[in-house]
Number of protein chains: 2
Amino acid sequence: MNKTPKITLSDVALAADVSPITVSRALRNPDKVSVEARARIDRAIHELGYVPNPAARALASGRTDIIGVIIPSVSNNVFADVMRGIDEGLQGSGLGVQLGTTRYSPTTEEDLIRVFLSQRPAGLIVAGHDQSPVARRLLEGADCPVVQIMEVGPAPIDLAVGLSHFQGARAGAAHLLAQGYRAPAFLGAQMDPRSQRRLAGFRACLADAGLDDDPVVTTPEPSSVSLGCRLLADLLARWPMTDAVLCNNDDLALGVLFEARRRNIRVPVQLGICGFNDHEMMSAAEPPLTSVATDRFSMGRQAVGLIRSRLAGVGPDRGSSVDLGFRLIPRASTARRDG
Amino acid sequence: MNKTPKITLSDVALAADVSPITVSRALRNPDKVSVEARARIDRAIHELGYVPNPAARALASGRTDIIGVIIPSVSNNVFADVMRGIDEGLQGSGLGVQLGTTRYSPTTEEDLIRVFLSQRPAGLIVAGHDQSPVARRLLEGADCPVVQIMEVGPAPIDLAVGLSHFQGARAGAAHLLAQGYRAPAFLGAQMDPRSQRRLAGFRACLADAGLDDDPVVTTPEPSSVSLGCRLLADLLARWPMTDAVLCNNDDLALGVLFEARRRNIRVPVQLGICGFNDHEMMSAAEPPLTSVATDRFSMGRQAVGLIRSRLAGVGPDRGSSVDLGFRLIPRASTARRDG
DNA sequence: TTGACGCATGACAGCGCTGTCATTCATGAT
DNA sequence: ATCATGAATGACAGCGCTGTCATGCGTCAA
């Protein structure tokens with residue numbers, strides 16, 4: 001624990017023969033400082049190994065270079081992709097990420113927002129559009145860009161990047177019907193608001209098709225492959241006539257595939273399987289699994305992009321949202337017609 | 001962007017009829033303040049909606065309540081589990097997480113360490129034992145607890161929680177031999193230091209068994225299920241006699257399973273498959289996949305635990321490390337003997 | 001009664017940086 | 001020659017909190 005003697009701005013200023021404030025400017029607004037001064041300052045910084053103190057900067061300026069990210073859970077692998085996008089988007093910006101998880105609890109989310117806002121972050125990224133009224137008010141009052149990710153909705157707090165889960169699931173269900181499946185069911189885990197909207201999309205599609213049965217098995221448990229196995233078992237116990245499943249996400253779909261194989265149910269002939277998100281493994285599976293592809297990576301990247309533009313002053317208007325859409329990727333697991 | 005009038009410590013002090021410093025103490029060391037004063041202060045904080053300014057706290061005290069986490073990549077799903085453990089371990093501590101990714105670059109790692117240290121974090125968690133000399137020196141000079149996670153090694157910088165990847169892989173390879181496989185091969189992606197050590201463990205086992213062939217296919221690409229498919233194809237092209245594979249991780253193993261099925265190679269009879277980490281999906285697969293189980297969740301949790309004890313003053317000595325070990329979980333994918 | 005001690009509290013200064021002026025000096029228009 | 005203009009730089013104060021003393025007061029042993 002050998003303490004390094006702390007080097008401050010003034011030390012650099014002394015070495016570069018300018019005033020501390022000029023060093024500060026050289027760091028923040030290099031173009032406001034003459035070329036010669038800047039050169040001397042850069043050299044001094046290098047020689048002394050000066051590293052700015054972010055706390056002092058934050059206190060004096062009321063700003064930090066941190067983007068707060070608030071998501072329900074880190075174990076949900078959808079967020080891993082989003083985080084990667086965020087990380088990528090941050091490259092070269094000098095910004096950092098502070099991470100908080102709500103565990104799907106509205107009050108935890110409120111607390112987190114309060115804590116994050118108290119740090120005066122450069123921006124905030126929050127998952128979803130279903131914040132509590134309190135949380136919403138806090139975010140509306142934030143004096144930094146706020147991006148809601150995962151879905152697009154009618155009234156973004158500030159900015160939003162996502163897709164319509166309702167439409168995505170509806171397209172998945174429509175695909176199953178188009179492939180000739182007569183009795184599609186829905187399997188859902190971790191029924192968060194996005195999952196609820198997927199379920200609604202599924203139901204809407206079935207209603208449009210004049211099917212009035214409602215073969216749906218859901219659980220609040222977090223999603224997993226094993227859970228997919230169990231849910232298929234439940235489903236078949238209650239709706240034995242089921243000939244296709246739309247899964248809330250890809251983990252479940254994979255579980256369904258394994259369980260079908262265990263039971264010698266032939267995919268896609270006896271059972272069609274469609275996932276959601278189109279995780280990389282879907283195309284590698286045997287048979288390859290149909291899924292509704294979402295671009296989680298871009299979601300993160302663009303969320304950061306919006307914040308960065310806002311910070312650069314060229315920012316998008318309040319209320320803008322980016323709909324990344326989705327793509328249905330048909331594969332062998334639903335190829336009853338052509339297969 | 002309606003600015004809320006900022007409430008400061010002194011506002012609370014005024015309302016509670018004490019001096020600011022007493023409010024500060026009530027927040028940091030509640031037991032140093034009389035019960036009555038504390039009650040008045042708590043009420044004032046609540047009524048005014050006071051939220052402390054972490055930047056000011058950090059500047060004045062030279063400490064923050066942030067734990068820095070430095071990992072190679074967020075897309076590697078091993079780290080998702082570790083992050084969950086960290087998150088869980090942080091519950092109720094008032095500590096937050098700042099995340100940085102090195103992208104497997106030593107210089108990025110050094111920069112990240114410098115930036116994080118400049119914030120005077122409450123603790124630092126870094127992945128692996130293979131920091132560059134510069135990075136190592138920086139970490140040795142840190143005046144906060146530093147925990148190296150993922151593996152245990154001979155000389156931790158400060159604290160370490162992990163396992164021996166060498167021994168884990170060796171056990172996996174030994175299992176394959178014990179099951180009667182005669183020509184096991186190794187498949188590896190994203191050959192980071194941990195993967196290298198797994199490969200070394202595999203080789204050591206084969207050498208001990210007197211096998212001097214070296215059937216190994218690796219790639220620096222990041223791991224994925226599809227990559228598992230491709231690597232199996234490569235492997236069989238070069239070593240057609242292979243009758244079992246030890247995979248660097250579970251994604252690859254899953255890909256191998258799918259590819260085997262595509263080629264009508266029977267698992268476990270014609271090909272044994274063993275993964276590494278024992279991700280949840282392994283037990284759900286058909287057939288269930290053997291894997292070397294590692295406890296990523298505990299790794300994160302215990303890393304935080306060590307930091308918290310250190311902060312509480314009861315901390316473990318410098319140089320202590322926790323070996324979480326591994327467990328070989330035999331499943332049908334290697335049940336040539338009994339299956 | 002006296003002094004020593006411990007507890008609760010407060011005064012003061014300063015952490016390292018930046019916002020807001022003010023200043024200097026060279027430039028070009030009048 | 002005169003003044004307005006703008007670029008580069010600097011002085012000053014203060015962001016909100018906490019470390020380090022110092023203080024007041026009640027308690028207890030001698």
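Below, chains carry the letters A, B, ... as their sequence lines are ordered, and counting in each starts from 1.
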(request) Tell me, please, which residues at least two apart from A/S321 pass side-chain hydrogen bond (donor to acceptor under 3.5 Å, both in side chains). (result) none
(message) Among residues at least two apart in sequence or on other chains, which ones pass side-chain hydrogen bond (donor to acceptor under 3.5 Å, both in side chains) with A/Q190?
(response) none
(request) Taking atom types as modelled, find out whether B/E109 and B/S132 have a side-chain donor-acceptor pair closer than 3.5 angstrom. (result) no
(request) Give a yes-or-no answer on whether the side chains of A/S19 and A/T22 include a donor-acceptor pair shorter than 3.5 Å. (result) yes
Output side-chain donor-acceptor pairs under 3.5 Å for residues 46-53 of chain B, partner residues at least two apart or in another chain, one line each.
from, atom 1, to, atom 2, distance (Å)
B/N53, OD1, B/A55, N, 2.8
B/N53, OD1, B/A56, N, 3.1

(request) Please collect all side-chain hydrogen bond (donor to acceptor under 3.5 Å, both in side chains) contacts where either partner lies in residues 61-85 of chain B, sequence neighbours excluded, each pair once. (result) B/S73-B/S75, B/D81-B/R296
(request) For nucleotides 8-23 of chain D, just jot down a letter per nucleotide in 5' to 3' order: B, S or -, based on protein non-hydrogen atoms under 4.0 Å. (result) SBBB--BBBBBB----
(message) To the nearest 10°, give me the bend of the helix from C/dT1-D/dA30 to C/dT30-D/dA1, comparing the axes of its five terminal pairs at either end.
(response) 30°
(request) Inspect the contact between A/D158 and A/R310 and indicate whether a charged nitrogen and a carboxylate oxygen are less than 4.0 angstrom apart. (result) yes
